[in-house]
A.B. asks: 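Let me give you the structure first, and then I'll get to my questions.
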Amino acid sequence: MENIKYSILLGICLLLLGVSACDDQFLEEKKDYSILSSQDVFSDPKQAEAVFANIYHRMLSKYTAPIHGSNPLLRQTGGDIIMLSFFTEELPVDAITSGIGATGVGSAYYANATSKNTYAGNHVPGTFYWNGAGSSLNDLGKYTVYPNINLINSFIREIEVAKSAYPQPGNFWDNLKGQAVFARAWIYFDAVRLFGGLPYYTTETEVPGADDRNPRLSIDECIEKICADFQTASELLPATWNDDNYGRFTSVAALAMISRVRLYAASPVFNASWDSPSSLRWQAALTAARNARNAADGNGYVGVSSLNEWNLAFYTPGVARKEGIIVIPKTGNQAANYANKWETFIRPTSASGSGPGIPAPDKMINLFPLSDGKRASDANGSAINGYDPIKFFKDRDPRFYSTFAFSGCQWPGTSDQIWLYAWKNASNQIAYTDGSDSGVNAAKRRSKALVWKMSNPTASSYEYSGADIMEYRYAEILLNLAECQAATGDLGGCQATLNELRSRVGAGSISALTDKHSAIEAVLYERFVELAYEGKRSWDCRRWLLYEGGAGFDPTTANNEDYDPDVFWGTGWKIYDGKNGRDNYSKTNNVLTMLGLRPISGTRHTNELWAVQDLTVSNTDDPLLPVRSTVPAILKNDPALSSKLDALETFYETNLKTITPPKTAATDPATGMNVSWAMDSGGNTNAQAINFRFTWRGWFNLYPVHYNQRIQENNNTWIDQTVGWNIGNTSTKDQDGTWEYCLP
């Protein structure tokens with residue numbers, strides 16, 4: 001206990017020197033903490049607040065872009081982050097990642113490799129700390145579970161002493177304790193949804209030592225403890241803070257987190273009774289969702305009321321206060337790593353950026369609804385309801401125009417339009433409007449649309465933006481409620497809640513819901529659209545088993561990357577195996593078939609490109625440069641949007657065509673198009689960045705106890721390995737773990 005406490009104090013001066021968060025008062029530093037005793041620190045409220053600022057820093061300083069999603073552990077290795085959003089339909093696997101401090105996905109991480117090359121957790125960089133006292137500064141420097149839990153518990157115990165020894169006016173100590181309890185619950189939730197059940201240490205329990213043998217708790221036990229912590233936090237925290245403390249955890253945020261936790265626990269990954277409307281977990285999730293909404297509505301979190309506010313909320317504090325439930329403050333401070341790097345990640349060269357931006361896959365472009373609220377594509381990606389994917393920019397949901405930029409759009413904060421098409425230059429090489437190199441790489445990783453959601457037009461530094469990150473917003477409260485209504489059979493309530501969400505931005509209403517499964521699917525669809533590129537999709541994919549539906553997917557017998565994925569759906573290890581209260585799912589009966597969806601596993605990011613109509617013409621410069629002016633600049637929330645889109649349609653019909661990369665041949669004789677144009681679209685093993693295929697197996701939904709931690713380092717053979725994973729680090733195909741996480 002004591003050695004942990006003094007290690008904390010020793011590290012404060014190192015960690016706070018460059019740290020900044022909400023403002024100077026939030027982390028005001030008065031003394032050299034390395035020479036202070038706990039009495040010196042906790043007798044001064046400002047010093048006590050600064051100590052807890054270290055915990056905020058440890059949890060959130062690496063959260064440097066919205067796409068990171070809610071994962072305060074962040075799976076950090078050195079300065080890099082394994083970004084979970086790479087395992088979704090949103091991001092191309094080879095996207096430029098240096099702008100947000102993230103590393104891409106190697107061939108051994110959920111990529112196209114057909115052999116099973118991940119065993120007992122070796123795909124997780126670094127060691128997950130199962131136990132260990134965390135008594136040294138070195139241990140405390142690791143972004144893992146128990147060193148941080150130990151730090152928080154030590155801090156809470158010091159607060160309990162300080163409340164009597166150093167009384168302060170008002171609820172000072174309770175507010176500080178509430179933030180600490182909130183942080184503990186958040187870290188545990190992050191750990192449980194990635195690793196499953198684990199020992200839960202609170203202030204009433206001694207810090208685990210090296211000889212600790214506390215068993216893994218069940219999912220139910222962990223969920224109840226996490227929710228109890230968030231409930232305690234809600235009773236200790238204020239509903240809002242003043243401007244000097246904007247960004248601190250609140251009672252509303254605590255209740256919203258209970259809703260998120262209960263929803264995750266009720267989902268198929270943990271709940272074998274997910275298909276029962278009377279499931280106790282769904283009932284608990286519904287109650288939590290209602291409580292969260294009532295708390296938000298009653299304390300000024302009323303959400304946005306227009307498309308303009310929807311855009312402003314991501315970078316304007318005044319509007320964010322209406323929509324933001326948990327806001328991660330950023331100041332643009334490079335030295336302290338308190339900057340939002342989203343801006344530099346998404347801006348293309350033509351918008352003062354340094355790369356291609358985030359090219360949007362066809363699935364994302366075709367996903368968003370039409371202006372009347374109807375869908376533009378079905379589960380197979382085919383156009384429906386009169387949607388024309390060639391003229392994808394016409395007649396779309398208002399959120400489409402605030403999420404994607406395309407040719408003719410003027411990037412916020414600049415005076416230049418962006419253009420996204422290819423042509424041949426004087427050397428008969430492919431050139432691209434974004435100013436990239438000639439040749440095959442000019443069109444590599446390209447699309448006819450880019451992501452510009454959450455772009456801040458007032459950013460003074462793209463690399464170190466000070467725009468806050470909305471980690472949890474009012475929209476999610478509504479979506480959580482709608483999902484619980486759907487799962488419990490309240491179709492009318494679900495439809496009303498989803499239409500309320502859409503009405504905020506002037507979007508068309510959803511079609512009538514006919515049954516529970518279609519209602520659940522409608523909510524997942526709306527989450528995909530509303531929360532696109534906010535780091536939430538990867539969690540939805542995990543909890544709803546959207547990769548393979550709980551029926552398995554394991555193409556270990558395939559010989560190359562061109563295998564037919566449909567052959568391997570329903571093969572290999574699966575969660576729903578007919579044992580211990582689980583249904584026995586198959587290729588024709590699983591979560592996805594019930595919801596009317598296709599598996600993500602086996603798919604790849606694909607896209608088409610725009611190009612000049614005659615790709616055989618050689619030009620030194622862009623041949624369409626003289627006629628671009630016929631398309632007026634298209635702005636976000638543009639009042640003249642309709643007429644400008646008509647002008648773009650005419651420009652396209654007169655000057656451009658849509659081309660699709662060949663899938664096997666090195667070059668298409670008709671167009672000269674190379675197989676590696678666009679993104680992840682081919683099957684040629686020699687092409688660049690096109691061999692990625694989602695091969696998410698059933699056992700990937702929860703990580704195992706790392707082999708090195710379980711056996712080699714601490715000889716912790718008593719720890720039950722997660723079901724679906726190998727006990728030992730062997731190449732056998734048999735998964736022999738025994739600890740189960742999906743039970744009725």
Side-chain angles (χ1 to χ4, degrees), residues 16 19-29 44-61 63 70 72 152 155-156 159 162-163 168-186 229-260 291-304 312-333 336 338 340 466-474 476-477:
L16 287 184
V19 174
S20 63
C22 304
D23 60 18
D24 293 339
Q25 294 184 32
F26 194 127
L27 300 175
E28 184 177 353
E29 182 183 16
D44 183 338
K46 287 296 183 182
Q47 311 297 351
E49 283 188 326
V51 172
F52 188 69
N54 174 36
I55 295 174
Y56 271 107
H57 174 73
R58 292 169 64 83
M59 289 180 61
L60 303 174
S61 65
Y63 198 153
S70 168
I152 291 170
F155 181 76
I156 292 173
I159 288 177
K163 285 178 67 175
Q168 297 296 328
N171 299 316
F172 174 81
W173 291 116
D174 282 346
N175 288 169
L176 207 53
K177 179 181 177 181
Q179 294 171 76
V181 174
F182 187 112
R184 181 173 67 198
W186 196 358
D229 262 354
F230 278 128
Q231 182 63 41
T232 297
S234 75
E235 296 165 1
L236 295 171
L237 291 170
T240 59
W241 293 90
N242 59 24
D243 289 344
D244 290 342
N245 292 284
Y246 177 61
R248 291 185 184 271
F249 304 139
T250 67
S251 61
V252 175
L255 294 175
M257 284 299 294
I258 294 176
S259 175
R260 183 185 278 179
N291 290 341
R293 175 159 196 191
N294 290 338
D297 290 350
N299 288 284
Y301 300 90
V302 296
V304 298
L312 290 172
F314 293 108
Y315 56 84
T316 307
V319 182
R321 281 185 177 272
K322 298 170 62 176
E323 179 77 3
I325 304 299
I326 299 178
V327 177
I328 311 300
K330 295 296 175 183
T331 64
N333 186 323
Y338 265 93
N340 183 346
D468 298 336
I469 297 173
M470 271 205 293
E471 152 49 33
Y472 198 137
R473 57 190 184 91
Y474 188 84
E476 185 178 343
I477 285 181

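Everything numeric in this text was worked out from a predicted model, so none of it was measured.
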A.B. asks: State which residues pass side-chain hydrogen bond (donor to acceptor under 3.5 Å, both in side chains) with Gln168; sequence neighbours excluded, sorted by chain then number.
C.D. replies: none
A.B. asks: Pick out which of Phe249, Tyr56, Phe52 makes a ring pair (Phe, Tyr, Trp, His ring centres under 6.0 Å) with Phe182.
C.D. replies: Phe249
A.B. asks: Quick check: closest heavy atoms across Ala256 and Ala292, and the distance to 0.1 Å?
C.D. replies: CA-CB, 3.8 Å
A.B. asks: Compare all side-chain heavy atoms of Gln231 with those of Leu255 and state whether any distance is below 4.5 angstrom.
C.D. replies: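 A side-chain contact exists here, since the closest heavy-atom pair is under 4.5 Å.
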A.B. asks: Does any N or O in the side chain of Lys322 come within less than 3.5 Å of the main-chain N or O of Tyr474, such that one atom is a donor and the other an acceptor?
C.D. replies: no
A.B. asks: Can Arg321 and Asp243 be counted as an ion pair, charged N to O under 4.0 angstrom?
C.D. replies: yes
A.B. asks: So Leu60 and Glu471, do their side chains get closer than 4.5 Å, heavy atoms only?
C.D. replies: no
A.B. asks: Could you report the tightest heavy-atom contact between Met470 and Gly324, atom names first, then the distance?
C.D. replies: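 Heavy-atom minimum between the residues: SD-CA, 3.5 Å.
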A.B. asks: Give a yes or no on whether the backbone of Ala239 and the side-chain of Tyr301 come within a donor-acceptor separation of less than 3.5 Å.
C.D. replies: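 Yes; judged by distance alone, with no hydrogens or angles, the pair exists.
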A.B. asks: Using a 4.5 Å cut-off on heavy atoms from C-beta on, say whether the side chain of Asn340 contacts that of Phe314.
C.D. replies: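 Of all side-chain heavy-atom pairs linking Asn340 with Phe314, none is under 4.5 Å.
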A.B. asks: Any sub-3.5 Å donor-acceptor pair from Glu323's side-chain atoms to Val304's backbone N or O?
C.D. replies: yes
A.B. asks: How far apart are the closest heavy atoms of Pro329 and Gly247, and which atoms are they?
C.D. replies: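 Heavy-atom minimum between the residues: CG-CA, 3.7 Å.
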A.B. asks: Restricting to non-hydrogen atoms, name the atom on Ala313 and the atom on Ala320 that form the minimum distance, rounded to 0.1 Å.
C.D. replies: O-CB, 3.3 Å
A.B. asks: Are the side chain of Asn242 and the backbone of Asn245 linked by a donor-acceptor contact shorter than 3.5 Å?
C.D. replies: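 It does hold such a pair.
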A.B. asks: Determine whether Ile325 and Ile477 make a side-chain contact, defined as any pair of heavy atoms from C-beta on separated by less than 4.5 Å.
C.D. replies: yes
A.B. asks: Could you check if a side-chain atom of Pro238 sits within less than 4.5 angstrom of a side-chain atom of Asn175, using non-hydrogen atoms only?
C.D. replies: yes
